[in-house]
Amino acid sequence: MADNIRVLLSEEEVNHKINEIAAQINRDYEGKDLHLICILKGGVFFACELAKRLTVPVSLDFMSVSSYGDDSKSSGVVRIIKDLDEPLEGRNVLIVEDIIDSGRTLAYLIEVLKQRHPAGIRLCTLLDKPERRVKKQVKVDYTCFSIPDEFVVGYGLDYAQKYRNLPYIGVIEL
């Protein structure tokens, strides 16, 4: 790992914010079951940390959707690589994503999931880049951090499959 990485959000900041978001989700879903859909691969770090802090009954499924490949810019073409294992009908669904920028991937995914008749769909993200939003209809219900338009790594986020294991959010300095 020879790249120079500047810390944008420390491990402590990330953990503190996940605690806050989990507390809000616990209040919002009190007395209900919650079905988390973790968007792989990057979302797995955040989803696991979030799930550990939830006190409502939680089930978990995984989906892999990509619009990046091995580049640092979205291709704009959304592909479902791994679909869900369980039906969504009647379930309270929370999509857990590592980062949302253009919104193309989530706009597509939400439309696909709505056709499966969940009780409701909400969206939770670790990082949001609202200034890059192309799909304005994507409403993020729970956001840990809004960040500037920089390419970030760590805490599940990668560059060509590297840096996911960093315990903080960093920016590769080019």
Side-chain angles (χ1 to χ4, degrees), residues 8-68 74 78 80-86 88 90-114 116-148 152-158 164 167-169:
L8 180 65
L9 298 164
S10 71
E11 183 176 7
E12 294 76 21
E13 290 173 294
V14 172
N15 282 326
H16 177 73
K17 188 55 88 168
I18 293 172
N19 285 335
E20 286 182 4
I21 292 296
Q24 181 63 51
I25 292 168
N26 287 329
R27 286 189 296 274
D28 291 351
Y29 286 94
E30 186 175 353
K32 299 177 184 173
D33 290 355
L34 183 59
H35 187 64
L36 301 182
I37 297 177
C38 171
I39 306 302
L40 298 172
K41 296 175 185 173
V44 74
F45 288 73
F46 175 47
C48 289
E49 289 301 318
L50 179 66
K52 289 191 305 188
R53 294 162 169 87
L54 295 176
T55 56
V56 297
V58 170
S59 56
L60 179 64
D61 205 345
F62 298 91
M63 195 168 201
S64 183
V65 183
S66 178
S67 66
Y68 279 86
S74 174
V78 178
I80 294 178
I81 298 164
K82 184 220 174 290
D83 206 341
L84 299 172
D85 294 328
E86 298 180 26
L88 296 182
R91 292 177 129 171
N92 296 304
V93 169
L94 182 64
I95 300 170
V96 181
E97 181 65 286
D98 56 355
I99 189 166
I100 301 171
D101 51 27
S102 72
R104 285 185 188 105
T105 302
L106 269 300
Y108 173 81
L109 180 60
I110 289 168
E111 287 309 310
V112 166
L113 297 180
K114 280 182 180 176
R116 299 176 188 188
H117 310 291
I121 298 176
R122 288 190 177 175
L123 179 56
C124 179
T125 189
L126 178 62
L127 304 172
D128 190 11
K129 291 183 182 178
E131 68 188 56
R132 291 204 13 104
R133 192 83 75 247
V134 172
K135 297 291 186 176
K136 304 294 184 192
Q137 74 269 28
V138 173
K139 178 181 173 278
V140 183
D141 301 284
Y142 306 99
T143 301
C144 289
F145 300 97
S146 290
I147 62 168
V152 290
V153 294
Y155 218 90
L157 295 130
D158 74 296
R164 288 190 195 278
Y168 58 86
I169 306 296

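What you are looking at is a predicted structure, and each value in this text was computed from that prediction instead of being measured. In what follows, every heavy atom counts, from backbone to side chain, and hydrogens, waters and symmetry copies are set aside.
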Q: Checking side chain to side chain contact (heavy atoms under 4.5 Å, CB included) against C124, which of D141, I25, I95, I100 comes through?
A: I25

Q: Looking only at heavy atoms, which two atoms of C144 and L126 are closest? And how far apart?
A: CB-O, 3.1 Å

Q: Over all heavy atoms of both residues, which pair between V140 and T143 is shortest? Give the atoms and the distance, please.
A: CG1-OG1, 3.0 Å

Q: Is a side-chain donor-acceptor pair under 3.5 Å present for H16 with E20?
A: yes

Q: Judged by atom type as modelled, is there a donor-acceptor pair below 3.5 Å linking the side chain of D61 to the main-chain atoms of L84?
A: no

Q: Check this for me, if you would: do D98 and K41 make a salt bridge, where the nitrogen-to-carboxylate-oxygen distance has to be below 4.0 angstrom?
A: no

Q: Ignoring hydrogens and geometry, is there a side-chain-to-backbone donor-acceptor pair from N92 to L34 under 3.5 Å?
A: no

Q: Does any donor atom in the side chain of E30 or N26 lie under 3.5 Å from an acceptor atom in the other side chain?
A: no

Q: Would you say the side chain of L106 lies within less than 4.5 Å of the side chain of E97, judging by non-hydrogen atoms?
A: yes

Q: Can you name the closest pair of heavy atoms from F145 and E13 and give their distance?
A: CZ-O, 3.4 Å

Q: Please assess L127 against L9 for the test side chain to side chain contact (heavy atoms under 4.5 Å, CB included), listing each intermediate value before the final yes or no.
A: CA-CA 10 Å; L127 304 172; L9 298 164; 3.8 Å; yes

Q: Using the rule salt bridge (Lys or Arg N to Asp or Glu O under 4.0 Å), only one of K139, K17, R133 pairs with D128; which is it?
A: R133

Q: When you compare the side chain of L54 with that of L36, does any pair of heavy atoms fall below 4.5 Å?
A: yes

Q: So, for R91 and H35, which heavy atoms are closest and what is the spacing to 0.1 Å?
A: NH1-CE1, 3.2 Å

Q: Please report the closest heavy-atom contact between Y142 and R122, naming both atoms and the distance.
A: OH-NH1, 2.8 Å

Q: L50 and side chain to side chain contact (heavy atoms under 4.5 Å, CB included): which partner among V96, N19, V58?
A: V96

Q: Using the side chain to side chain contact (heavy atoms under 4.5 Å, CB included) rule, pick out the option among F46, Y168, Y155 that qualifies with V14.
A: Y155

Q: Can you see which heavy atom on L88 is nearest to which on V93, and at what distance?
A: CD2-CG2, 3.9 Å

